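Below is one structure, written out as structure tokens; the observations come after it.
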Amino acid sequence: MTKLLHPKATAVWLVDNTTISFKQIADFVGMHELEIQGIADGDVAAGVKGFDPVANNQLVQGELDTAENNPLYKMKLKFNAAAQGEEKRRGPRYTPLSKRQDRPASILWLVKFHPELSDGQIGKLVGTTKPTIQAIRERTHWNISNIQPIDPVALGLCKQSELDAVVQKAAAKKAAEGEVMSDDERRKLVSTEQSLEMDAEPKIPTAIEGLETFSLSDDDDDEDKRSKEDYSDAESFFNLPGDEDEEEQPR
């Protein structure tokens, strides 16, 4: 096992039931030494029930005894072969509510600058679903006209190391399949700093969206000309010779 369960409750139990130093407890449970001091003073974790790490198969009694006899000794978690891999994340990444509104911008950035990534890889990287990714790929997302591409690392949705790892994996898979990245795709690969300095893409106002290809052509002028000619023909038809009012003859 590589991850301690209930670190604060474990710290409470160690403070109450052992003589090891606050520094040793802090190192073992992953807390600050001042927090352990606060637990001892009753200012932190008030009402938290202690969690025995030895009884719960997280610490060997021998480790505890060694630490009590040596203030500089750092205790190690008990190895549990059955628990190996439990800490590995399964399914999409959990995204805090405060950052969920930023996911479409990060998806658009990944789709634009890393086309080699699959929907599954993007989903695990920023914690989203395949339908959302597809909607942004196909530009059918309900808010697509207002979404600007932003690096997910800059938004705090993933770490740079995680992004680099998944990009390298996708590139290696593409190379293994015999596909070579085009110059266009290679030019699209930019760093976080560069993407943040890029100008926003110009957007068409909603009121005139869809009319960007509209223009007056020569066909309109021809139609207007033909209308005028038809009008002239009709006028000449009704002004037949002899229809004019005869001048009154003197008697």
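None of these values were measured; they are calculated from a predicted model. Just so you know, these numbers use all the heavy atoms, side chains as well, and skip hydrogens, waters and symmetry mates.
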Flag, side chain of Gln121 to backbone of Ser118, donor-acceptor distance under 3.5 Å: yes
Separation between CG (Leu59) and CG (Leu14), nearest 0.5 Å, reads 7.5 Å
Side-chain (Gln24) to main-chain (Glu68) donor-acceptor, under 3.5 angstrom: no
I need the minimum non-hydrogen distance between Pro53 and Trp13, along with the two atoms involved. CD-CE3, 3.5 Å
Determine whether a donor-acceptor pair (N or O, by modelled atom type, separation under 3.5 Å) exists between the side chain of Asn70 and the backbone of Thr66. no
For the atom pair CD1 (Ile136) and CG (Asp119), what is the distance rounded to the nearest 0.5 Å? 10.5 Å
Is there a side-chain contact between Lys124 and Val166 (heavy atoms, below 4.5 Å)? no
To check you understand the geometry: which heavy-atom pair defines the closest contact between Pro7 and Val29, and what is its length? CB-O, 3.4 Å
Leu157 and Ser106: which non-hydrogen atoms are nearest, and at how many Å? CD1-OG, 3.4 Å
For Lys130, does the NZ atom sit with more than 12 other heavy atoms under 6.0 Å from it, leaving out its own atoms? no
Ile150, Phe113: one ILVMFWY side-chain cluster at the under-4.5 Å cut-off? yes
As an exercise, state the distance from CG of Asn57 to NZ of Lys78, rounded to the nearest 0.5 Å. 3.5 Å
Criterion side chain to side chain contact (heavy atoms under 4.5 Å, CB included) against Leu117, the qualifying member of Leu110, Val111, Ile133: Leu110
Residue pair Glu138, Ile144: steps toward the side-chain contact (heavy atoms from CB on, under 4.5 Å) verdict: CA-CA 10 Å; Glu138 298 167 3; Ile144 192 66; over 6 Å; no
Closest non-hydrogen atoms of His114 and Trp109, given as atom of the first, atom of the second and distance, are CD2-CZ3, 3.5 Å
Measuring from atom CZ of Arg103 to atom CD1 of Ile107, what distance do you get when rounded to the nearest 0.5 angstrom? 7.0 Å
Donor-acceptor pair, side chain of Asn56 and main chain of Gln58, under 3.5 angstrom: no
Identify the two heavy atoms, one from Ala105 and one from Gln148, that lie closest to each other, and give their separation to 0.1 Å. CB-O, 3.1 Å
How many angstroms lie between atom OG of Ser21 and atom CG of Asp27, to the nearest 0.5 angstrom? 8.0 Å
Can you get from Val12 to Met75 by hopping between Ile, Leu, Val, Met, Phe, Trp and Tyr side chains that sit under 4.5 Å apart? yes
Does Ile39 reach the side chain of Glu35, with side-chain heavy atoms less than 4.5 Å apart? no
How long is the span from the CG atom in Leu64 to the CZ atom in Phe28, to the nearest 0.5 Å? 8.5 Å
I'd like to know if Phe51 and Ile25 are part of one continuous hydrophobic network [Ile/Leu/Val/Met/Phe/Trp/Tyr, side-chain heavy atoms within less than 4.5 Å]. no
Establish whether Val15 and Val48 are linked, either directly or via other cluster members, by ILVMFWY side-chain heavy-atom contacts under 4.5 Å. yes
Measure across Lys76 and Glu63 and return the closest heavy-atom pair with its distance rounded to 0.1 Å. N-OE1, 2.8 Å
Can Val167 be reached from Leu155 by stepping across I, L, V, M, F, W or Y side chains whose heavy atoms are under 4.5 Å apart? yes
